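Notes follow the structure.
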Amino acid sequence: MSDILTPLTPWLNALDSEQETMLKHTISLAEINSGSFNAPGVNRVLAAVRELAKPLAGKEEVIELKPFEVINDKGEAELHTLGNALRISKRPEAPLRVFLCGHLDTVFAENDSFQTVRHLDDDTINGPGVADLKGGIVVMLKALQALENSPWAEHIGWEILFNPDEEIGSPSSVKLIVEAAKNVNVGMLYEPSFPDGSLAGQRKGSGNFTAVCFGKAAHAGREHHLGRNAIRSLCDFVSKMDQLNGKREGVTFNPGYINGGGATNIVPERCISRFNIRIEKPDDDQWCIDQLQMIVNEINTRNGISLELHGSFGRGPKVLTPANRKLFSLAQECGYALGMSIDVKPTGGCCDGNNLASAGIPNIDTLGVQGGNIHSDREYMKISSLVPRAKLSAALLMTLARNQAEGIGNDWLKETDSR
Ligand SMILES: [Zn+2]
């Protein structure tokens with residue numbers, strides 16, 4: 001082990017014997033169904049995670065979140081109950097505070113056929129959420145335990161947030177992330193890394209929207225002229241929106257769902273479309289809203305047609321600040337010392353790291369396990385990544401704590417120019 005980690009060796013090496021336990025915990029968490037809308041299931045995962053976190057002896061709070069509002073196919077608002085969030089914190093008065101975050105939910109609904117974990121080979125398990133993000137939860141807790149066992153723990157404070165709604169864009173838990181950002185200096189999030197162990201760097205921002213178009217029903221034969229066709233107007237909206245692709249660098253519009261009409265002898269009175277927008281720069285969101293509003297205004301001048309737009313940009317782009325770049329360098333240095341080579345790659349995907357970055361907190365959001373094919377029934381996790389990833393996080397935490405202990409400090413985390 002090279003210089004940077006030499007003093008940490010005993011606490012890092014103590015993790016070597018943990019693979020079996022970590023694997024067992026990952027499997028037991030993954031086998032509880034925790035689709036974002038299965039609130040009781042998510043709460044069972046919460047209870048199990050709370051049990052696993054007991055040895056850390058932090059202050060625990062179970063937080064109820066407001067229900068998630070979806071615009072349904074009828075164009076009406078529909079509420080979905082969400083599971084609770086769990087916040088655990090320790091030494092909130094410490095001069096340096098770390099925010100750790102992992103989500104409790106998965107994309108696999110309660111009635112999905114993908115419910116259990118199996119071994120694909122000696123080093124690979126396949127199961128719902130094994131990589132995204134149950135393995136990451138286990139990695140985070142082991143790394144924190146290593147910090148707590150070390151002599152530097154008292155020099156930093158930490159706050160963990162386990163949230164129940166990340167897979168639907170953290171609509172309700174985002175306020176807890178923004179709240180945390182006021183009290184912390186650095187973020188560590190446990191989404192899976194890329195399959196080769198690389199970390200996600202810059203990330204695009206994302207917004208989900210629903211356009212609801214109302215026209216007027218009429219008999220298609222007898223009174224076609226009295227009808228106002230909602231499908232036609234919504235299709236015009238979708239087509240004009242799609243034409244915005246390529247108009248601004250790094251910005252994409254994706255019409256993803258459409259529903260409307262009924263019997264073919266009726267002029268359809270209602271049609272809805274859901275779509276996603278990805279953005280690259282913080283001011284892209286306003287540009288998109290302005291463009292969409294112009295299209296909506298034009299369509300609303302049509303006699304008997306009304307088009308409503310719902311939704312927002314739930315995640316701003318994650319732009320790398322100087323502090324965030326240095327944080328990646330530190331992770332790479334720790335990784336190198338542990339014999340891991342770690343690349344940092346940009347991605348169009350987003351996660352809670354976006355929201356934390358938007359709130360000004362440098363963070364690494366792919367500190368979880370190595371795995372792949374997430375959000376599909378081919379999702380897998382590499383068993384042999386559990387211990388090294390726990391060591392990587394433990395090394396980062398202990399290095400930050402040791403910098404505090406030795407008076408070196410971590411002022412570099414506050415460099416925010418060029419945001
Ligand atoms: Zn995830």
Side-chain angles (χ1 to χ4, degrees), residues 25-27 29-39 41-42 45-46 48-49 65 68 82-83 85-86 99-109 112 114 117 125-141 143 160-174 176-177 180 187-195 197-206 208 276 278 314-316 318 345-358 363-382 385-386 389 393:
H25 292 164
T26 303
I27 293 175
L29 292 177
E31 289 195 328
I32 304 170
N33 178 279
S34 55
S36 310
F37 295 128
N38 177 9
V42 169
V45 173
L46 184 150
V49 168
L65 295 179
F68 175 52
L82 295 172
L86 173 64
F99 176 70
L100 301 101
C101 184
H103 59 85
L104 302 167
D105 61 328
T106 68
V107 298
F108 305 104
D112 199 287
F114 189 41
V117 179
I125 52 169
N126 160 247
V130 286
D132 185 16
L133 179 149
K134 303 305 190 284
I137 291 176
V138 174
V139 163
M140 177 214 292
L141 295 177
I160 314 178
L161 177 70
F162 292 111
N163 55 345
D165 58 348
E166 195 276 343
E167 294 294 6
I168 50 170
S170 307
S172 292
S173 65
V174 68
L176 300 177
I177 296 170
M188 298 171 69
L189 296 90
Y190 287 82
E191 291 291 330
S193 69
F194 288 102
S198 299
L199 302 171
Q202 194 183 325
R203 284 180 181 272
K204 284 197 172 185
S206 169
N208 287 313
N276 177 260
R278 298 279 156 147
R315 303 203 193 275
K318 180 172 178 181
K345 299 179 189 168
T347 170
C350 38
C351 71
D352 290 329
N354 288 63
N355 299 94
L356 202 56
S358 296
N363 67 81
I364 303 180
D365 53 35
T366 34
L367 286 165
V369 291
Q370 278 169 251
N373 298 337
I374 61 171
H375 298 192
S376 85
D377 62 5
R378 290 169 295 117
E379 175 171 1
Y380 68 88
M381 181 198 85
K382 285 293 174 195
S385 72
L386 285 165
R389 302 298 288 190
S393 279

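Note that ligands are numbered from 1 as they come in the structure, with each ligand's atoms numbered from 1 the same way. Just so you know, these numbers come straight off a predicted model, no measurement behind them.
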message: When you measure from the Zn ion (ligand 1) to the N, O or S atoms of H103, does any of those distances fall below 2.8 Å?
response: yes
field: Metal proximity, E166 vs the Zn ion (ligand 1), N/O/S cut-off 2.8 Å
entry: no
[X] side chain to [Y] side chain, donor-acceptor N/O pair below 3.5 angstrom:
X    : Y    : result
N363 : K318 : yes
S170 : D352 : yes
Y190 : S393 : yes

query: Any Lys/Arg nitrogen of E379 or K134 sitting under 4.0 Å from an Asp/Glu carboxylate oxygen of the other?
result: no
task: Just give me the atom name: the N, O or S atom of E191 closest to the Zn ion (ligand 1).
output: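 Output for this pair reads OE1.
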query: With respect to the Zn ion (ligand 1), what is the nearest N, O or S atom of D132?
result: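 Answer by atom name: OD1.
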